[in-house]
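In what follows, a structure is listed as structure tokens, so that the remarks can point back to it.
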Amino acid sequence: MRGHRNWAGTSVIAVTLWLACGVAMSGCGRGKERAALATKLEQRIRSAAETGDTFHLSEVTDFDWDTLHVFTPYVVAEEIRQSLGNDWSGARDIYESECLLVFVKEGRVVMDLEYPRMKGDFSAMKKYRFSRDEARFAAPKNGRPLTHAADSP
């Protein structure tokens with residue numbers, strides 16, 4: 001009997017470790033996706049600043065989304081959950097040096113990106129929720145915060 005219990009306990013530990021590894025591995029894939037998105041976004045912002053053009057955020061995304069939420073510094077996790085209208089487990093407090101871009105498809109978060117303000121500052125928008133079609137931005141040459149293309153002169 002005793003050997004049976006040890007085997008069962010070992011099995012539970014093995015299954016738990018296997019599941020934990022699977023969760024960790026899936027997070028690694030998302031980390032690569034985030035890094036690729038951040039790189040593409042940084043390059044596109046730099047290009048727009050050099051040319052004075054606007055850019056559409058869908059130019060740098062390779063996943064399907066219908067709404068973008070921009071969360072600025074000092075927004076807390078609870079405000080993010082309220083804005084999204086669900087109890088998203090990835091909600092977190094936003095610090096001074098970053099903005100959080102949250103891409104949603106049919107009410108479900110499909111990608112989020114903590115984006116450093118020094119690489120592209122989304123914090124001065126007049127609105128912070130954009131449909132896919134509305135997500136067009138301008139990057140001023142003088143390094144000032146990005147603006148929503150509709151708000152640009």
So which residues get pulled into [X]'s cluster when ILVMFWY side chains under 4.5 Å apart are joined, directly or through others?
X   : value
V76 : none
V75 : F71, I80, L84, W88, I94, L100, V102, V104, V109
Y74 : none

Does the plane of the ring in F103 sit parallel, tilted or perpendicular to the ring in W65? Use 30° and 60° as the thresholds.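 F103 and W65: perpendicular rings.
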Would you call the rings of F122 and F137 parallel, tilted or perpendicular if under 30° counts as parallel and over 60° as perpendicular?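 Answer is perpendicular, since the angle exceeds 60°.
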The test is side chain to side chain contact (heavy atoms under 4.5 Å, CB included); show your working for T54 and H148 and say whether it passes. CA-CA 9 Å; T54 62; H148 183 232; over 6 Å; no
Does T51 have any side chain to side chain donor-acceptor pair (under 3.5 Å) partners at least two apart in sequence or in another chain, and if so, which?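 For T51, the residues satisfying side chain to side chain donor-acceptor pair (under 3.5 Å) (neighbours in sequence not counted) are D53.
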Can you sort out the partners of S58 under side chain to side chain donor-acceptor pair (under 3.5 Å), two or more places apart, ordered by chain and number?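 Checked S58 against side chain to side chain donor-acceptor pair (under 3.5 Å); matches are H56.
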Taking only residues two or more places apart in sequence or in another chain, which ones pass salt bridge (Lys or Arg N to Asp or Glu O under 4.0 Å) with [X]?
X    : answer
D64  : K105
R129 : none
R44  : E59
E78  : R81

Any pair with a residue in residues 30-49 that passes ring-ring contact (aromatic ring centres under 6.0 Å, His included), sequence neighbours left out, goes on the list, sorted by first then second residue, please.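 Every candidate ring-ring contact (aromatic ring centres under 6.0 Å, His included) pair involving residues 30-49 fails, so no pair, neighbours aside, qualifies.
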Can you tell me how far apart CG (L68) and CZ (R132) are? Round to the nearest 0.5 Å.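 Interatomic distance, L68 CG to R132 CZ, rounded to 0.5 Å: 10.5 Å.
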First locate atom CG of L101, then atom CG of L41, and finally report the distance between them rounded to the nearest 0.5 Å.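 Separation between the atoms: 6.5 Å.
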Please list, chain by chain and in numerical order, all residues satisfying side-chain contact (heavy atoms from CB on, under 4.5 Å) with S131, sequence neighbours excluded.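 S131 satisfies side-chain contact (heavy atoms from CB on, under 4.5 Å) with D133, E134 once adjacent residues are dropped.
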For T72 versus C99, what's the shortest heavy-atom pair and its separation?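 It is CA-SG, 4.2 Å.
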How far apart are the closest heavy atoms of A124 and P145, and which atoms are they?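 Scanning both residues completely, I find the closest heavy atoms to be CB-CB, 3.6 Å.
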Any donor-acceptor pair under 3.5 Å linking the side chain of S83 with the backbone of E79?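 No, the answer is negative, given that no donor and acceptor are paired below the 3.5 Å cut-off.
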Under the 3.5 angstrom rule, does the side chain of N86 hit a backbone N or O of G107 as a donor-acceptor pair?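 Pair found, side chain donor or acceptor close to backbone of G107.
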Side-chain contact test, heavy atoms from C-beta onward, threshold under 4.5 Å: evaluate it for F63 versus L37 and give yes or no.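 They are in contact (side-chain heavy atoms under 4.5 Å apart), so the answer is yes.
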Side-chain donor-acceptor contacts of residues 110-120 below 3.5 Å, not counting sequence neighbours, with atom names and distances?
residue	atom	partner	partner atom	Å
D112	OD1	R34	NH2	2.9
D112	OD2	R92	NH2	2.6
E114	OE2	R92	NE	2.4
E114	OE2	R92	NH2	3.4
Y115	OH	E42	N	3.2
R117	NE	D121	OD1	3.1
R117	NE	D121	OD2	3.2
R117	NH1	E96	O	2.8
R117	NH2	D121	OD2	3.1
R117	NH2	S123	OG	3.4

If we check side chain to side chain contact (heavy atoms under 4.5 Å, CB included) with F130, which of these qualifies: V70, T67, L57?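 Passing option: V70.
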